[in-house]
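Working notes, structure below.
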Amino acid sequence: MTNPSKLRLGVNIDHVATVRNARGSAYPDPVRAAKLAEAAGANGITAHLREDRRHIRDADIDGLMAALTTPLNFEMAATEEMQAIALRHRPYAVCIVPEKREERTTEGGLDVAGDDKRLARFIAPLREAGSRVSLFIGHEASQIRAAARIGAAVVELHTGAYCDYHYAGEVDQRDAELAALKEGAKLARSLGLEVHAGHGLTYETVAPIAAIPEVMELNIGHFLMAESLFVGMEFAIREMRRLMDAARNA
Ligand code: PXP
């Protein structure tokens, strides 16, 4: 994405589509949200085309590819259907995530270590097509090493447990998660991987993650869309950007 020296913010616009689909209406349009996010300083847009199309739909991906001026980070499960869609669009980045139909959101990281041969075969054509392949994983060393081994360019570390512990008031577990994320980021970087992080991040939880020097990009969606209801998308994104920069430069 644009400025390599600065921590980048990828804005996930999935939940604009969630609101649209709740009423089966034509609005709100996730592409319009993505353009607003770009204008507010997003360095990229993230969208997850789920197998069940519960939020983003195929036509949204067409619209995003046509309209964006920043890179699209296309999140998808490691299925043949999604691979074909990614190969048709050749987005800047493809982030492979685990997906279960019954989950409300992406609950854990990919098991790269346990599925390395299949995933290596799966990502090879995506890499050849020019997309940067990212794997959404937990901070376990075995997963990070496996991601490097199979040729991913990027790992996105799952910050969901850290955020959940924070809001549950379980400070010791939260701090242990944070320490593990820091170690994971260090290991990933030492193996030549670019490090991203995301899931569940909010104004309250973003600073310690933004302060991890190896982390180059945060992907944030649900909280930003929720906060936009009260303060507007531009303010919400600018405030998140301000908190990220303050933590990074502290
Ligand atoms: N990163 C990845 C890989 C995700 O799957 C998600 C959720 O779609 C996010 C980041 C953003 O999480 P949230 O919407 O909780 O900010």
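Whatever order the structure lists them in is the order used to number ligands and atoms, beginning at 1. Because only heavy atoms are used, hydrogens play no part in the values below, and waters and symmetry mates are left out as well, while side chains stay in.
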Sequence neighbours excluded and cut-off under 3.5 Å, please list the side-chain donor-acceptor pairs for residues 238-247, or say none.
| from | atom 1 | to | atom 2 | distance (Å) |
| --- | --- | --- | --- | --- |
| Arg238 | NE | Glu234 | OE2 | 3.0 |
| Arg238 | NH1 | Ala40 | O | 3.4 |
| Arg238 | NH2 | Ala39 | O | 3.4 |
| Arg238 | NH2 | Glu234 | OE2 | 3.0 |
| Glu239 | OE1 | Arg242 | NE | 3.0 |
| Glu239 | OE2 | Arg242 | NH2 | 2.8 |
| Arg241 | NE | Asp245 | OD1 | 3.4 |
| Arg241 | NE | Asp245 | OD2 | 3.4 |
| Arg241 | NH1 | Leu7 | O | 3.2 |
| Arg241 | NH1 | Asn43 | OD1 | 3.0 |
| Arg241 | NH2 | Leu7 | O | 2.5 |
| Arg241 | NH2 | Asp245 | OD1 | 2.9 |

Does any N or O atom in [X] lie less than 3.5 angstrom from one in ligand 1, N or O only?
X: Gly200; answer: yes
X: His222; answer: yes
X: His15; answer: no
X: His48; answer: no
X: Gly221; answer: yes

Legend entry - Per atom 2 (C) of ligand 1, closest listed option by heavy atom (Met225, Glu75, Glu99, His199):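 Closest candidate by heavy-atom distance is Glu75.
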Legend entry - Sequence neighbours excluded, every pair satisfying side chain to side chain donor-acceptor pair (under 3.5 Å) that has a member inside residues 180-193: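 Those involving residues 180-193 do not exist here.
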Inset, instruction - For ligand 1, indicate whether the residue His158 contacts it via side chain, backbone, both or neither (heavy-atom separation under 4.0 Å). - result: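 For His158, no heavy atom sits under 4.0 Å from ligand 1.
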Legend entry - Mode of Val97 contact toward ligand 1 - side chain, backbone, both, neither (heavy atoms, under 4.0 Å):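 Answer for Val97: side chain.
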Inset, instruction - Search all heavy atoms of Ile56 against all heavy atoms of Ala47 and return the closest pair with its distance. - result: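 The answer is CG1-CB, 4.1 Å.
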Legend entry - For the student: nearest non-hydrogen atoms of Ala77 and Glu99, plus distance: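 Minimum heavy-atom contact is CB-OE1, 3.7 Å.
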Legend entry - Aromatic contact, Phe136 with His158 (centres under 6.0 Å):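 When the ring centroids of Phe136 and His158 are compared, they turn out to be within the sub-6.0 Å range.
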Legend entry - Between Phe235 and Phe230, ring centroids under 6.0 Å: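 No, the ring centres sit 6.0 Å or more apart.
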Legend entry - Under 4.0 Å to a heavy atom of Ile220 - the qualifying atoms of ligand 1, by number: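 So the answer, numbered in order with elements, is 16 (O).
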Inset, instruction - Please identify which atoms of ligand 1 are closer than 4.0 Å to at least one heavy atom of Asn219. - result: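 Near Asn219, the atoms of ligand 1 are 10 (C), 11 (C).
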Inset, instruction - Run the numbers on His89 and Asp62 for side-chain hydrogen bond (donor to acceptor under 3.5 Å, both in side chains), then give the verdict. - result: CA-CA 8 Å; His89 286 296; Asp62 297 342; 3.2 Å; yes
